[in-house]
K.L.:
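Pasting in a structure now, in structure tokens, and then I'll have a few things to ask.
Numbers here simply count residues along the sequence, with the first being 1. All values below were derived from every heavy atom in this structure, side-chain atoms included, with hydrogens, water molecules and symmetry-related copies excluded.
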Amino acid sequence: EVQFVESGGGLVQTGASLRLSCVVSGASLNSYDISWFRQAPGKEREAVSCISTRNRRKFYSSSVKDRFTISSDNAKNTVYLQMNTLEPEDTAVYYCAGTTMRLITSTWSMSTYYDYWGQGTQVTVSS
């Protein structure tokens, strides 16, 4: 059974940093393109960043570009999201998601393309 498990969330102050981890079990990381989504209370789920572990392409939403960095460690079957200069607007439940599709600029942010989802990890940024 393929599973995606997130960790690393927490409560931090504005300007702080956090690193989220998404561990993939039951399959090789190289089989997937993996993204981070987030959902704040009362808002729609938003795509944050994506990495293709096969061709090393990375995508970012405009709201996090230059603050967040996505990376992967194939030996650990883990994808990371380094989040710097956090703002209260970053408060949300963060989910990692995976797909066997090779995502491109026009598709990576569309949640319908993803087959596997983690349970989420809460990130709260206080002002």
K.L.:
Is the shortest side-chain heavy-atom distance between T121 and S7 below 4.5 Å?
P.N.:
no
K.L.:
So which atom in S61 and which in A47 form the shortest heavy-atom distance, rounded to 0.1 Å?
P.N.:
CB-O, 3.4 Å
K.L.:
Which distance, rounded to the nearest 0.5 Å, do you find between the CG of L81 and the CG of L18?
P.N.:
9.5 Å
K.L.:
Are V23 and V2 grouped together when hydrophobic residues (ILVMFWY) are joined by side-chain heavy atoms under 4.5 angstrom apart?
P.N.:
no
K.L.:
Do you reckon L86 sits in the same ILVMFWY cluster as I70, going by side-chain contacts under 4.5 Å, direct or chained?
P.N.:
yes
K.L.:
To the nearest 0.5 Å, how far apart are OG in S71 and CZ in R19?
P.N.:
7.0 Å
K.L.:
If you look at every heavy atom in F59 and S49, which pair is closest and at what distance?
P.N.:
O-OG, 2.8 Å
K.L.:
Verify the neighbour count for atom NZ of K76: are there more than 12 heavy atoms of other residues, nucleotides or ligands below 6.0 Å?
P.N.:
no
K.L.:
Less than 4.5 Å apart, any side-chain heavy atom of T91 and any of R38?
P.N.:
no
K.L.:
With a 4.5 Å cut-off on side-chain heavy-atom distances among I, L, V, M, F, W and Y, is there a chain of contacts connecting I104 to M101?
P.N.:
no
K.L.:
Taking side-chain hydrogen bond (donor to acceptor under 3.5 Å, both in side chains) as the test, write out the residues that go with S52, two or more places apart.
P.N.:
D33, N55
K.L.:
Look at the rings of Y32 and F4 and say which category their plane angle falls in: under 30° parallel, 30 to 60° tilted, over 60° perpendicular.
P.N.:
perpendicular
K.L.:
Using the ring of each side chain (for Trp, its six-membered ring), is F68 parallel, tilted or perpendicular to Y94, with breaks at 30° and 60°?
P.N.:
tilted
K.L.:
Please give me the minimum heavy-atom distance between W36 and S21, naming the atom from each residue.
P.N.:
CH2-O, 3.6 Å
K.L.:
Linking I/L/V/M/F/W/Y whenever their side-chain heavy atoms sit closer than 4.5 Å, directly or via other members, would I51 and V64 fall into one cluster?
P.N.:
yes
K.L.:
For the CD1 atom of I34 and the CG atom of N77, what is their distance to the nearest 0.5 Å?
P.N.:
8.0 Å
K.L.:
Verify the distance criterion only: is there a donor paired with an acceptor across the side chains of E46 and S63 at less than 3.5 Å?
P.N.:
yes
K.L.:
What is the distance from atom SG of C50 to atom OH of Y113, rounded to the nearest 0.5 Å?
P.N.:
13.0 Å
K.L.:
Any side-chain heavy atom of R57 sitting closer than 4.5 Å to one from L103?
P.N.:
no
K.L.:
Taking the side chain from T99 and the backbone from D115, do they hold a donor-acceptor pair closer than 3.5 Å?
P.N.:
no
K.L.:
Could you walk me through whether Y60 and W108 pass the side chain to side chain contact (heavy atoms under 4.5 Å, CB included) test, one step at a time?
P.N.:
CA-CA 9 Å; Y60 296 94; W108 76 270; 5.7 Å; no
K.L.:
Would you say Q119's side chain and E6's backbone share a donor-acceptor pair under 3.5 angstrom?
P.N.:
yes
K.L.:
Roughly how far, to the nearest 0.5 Å, is the CD atom of E1 from the OH atom of Y116?
P.N.:
9.5 Å
K.L.:
Going from CG on L20 to OG1 on T78, what distance comes out if it is rounded to the nearest 0.5 angstrom?
P.N.:
12.5 Å
K.L.:
Does some side-chain heavy atom of D90 sit less than 4.5 Å from a side-chain heavy atom of R67?
P.N.:
yes
K.L.:
Could you tell me which non-hydrogen atom of P88 sits nearest to which non-hydrogen atom of T14, and how far apart they are?
P.N.:
CD-OG1, 3.5 Å
K.L.:
What verdict does the side chain to side chain contact (heavy atoms under 4.5 Å, CB included) test give for V24 and V79, after you've listed the backbone C-alpha separation in whole Å, the side-chain angles of each residue and the deciding distance to 0.1 Å?
P.N.:
CA-CA 8 Å; V24 179; V79 171; 5.7 Å; no
K.L.:
With a 4.5 Å cut-off on side-chain heavy-atom distances among I, L, V, M, F, W and Y, is there a chain of contacts connecting V123 to F37?
P.N.:
no
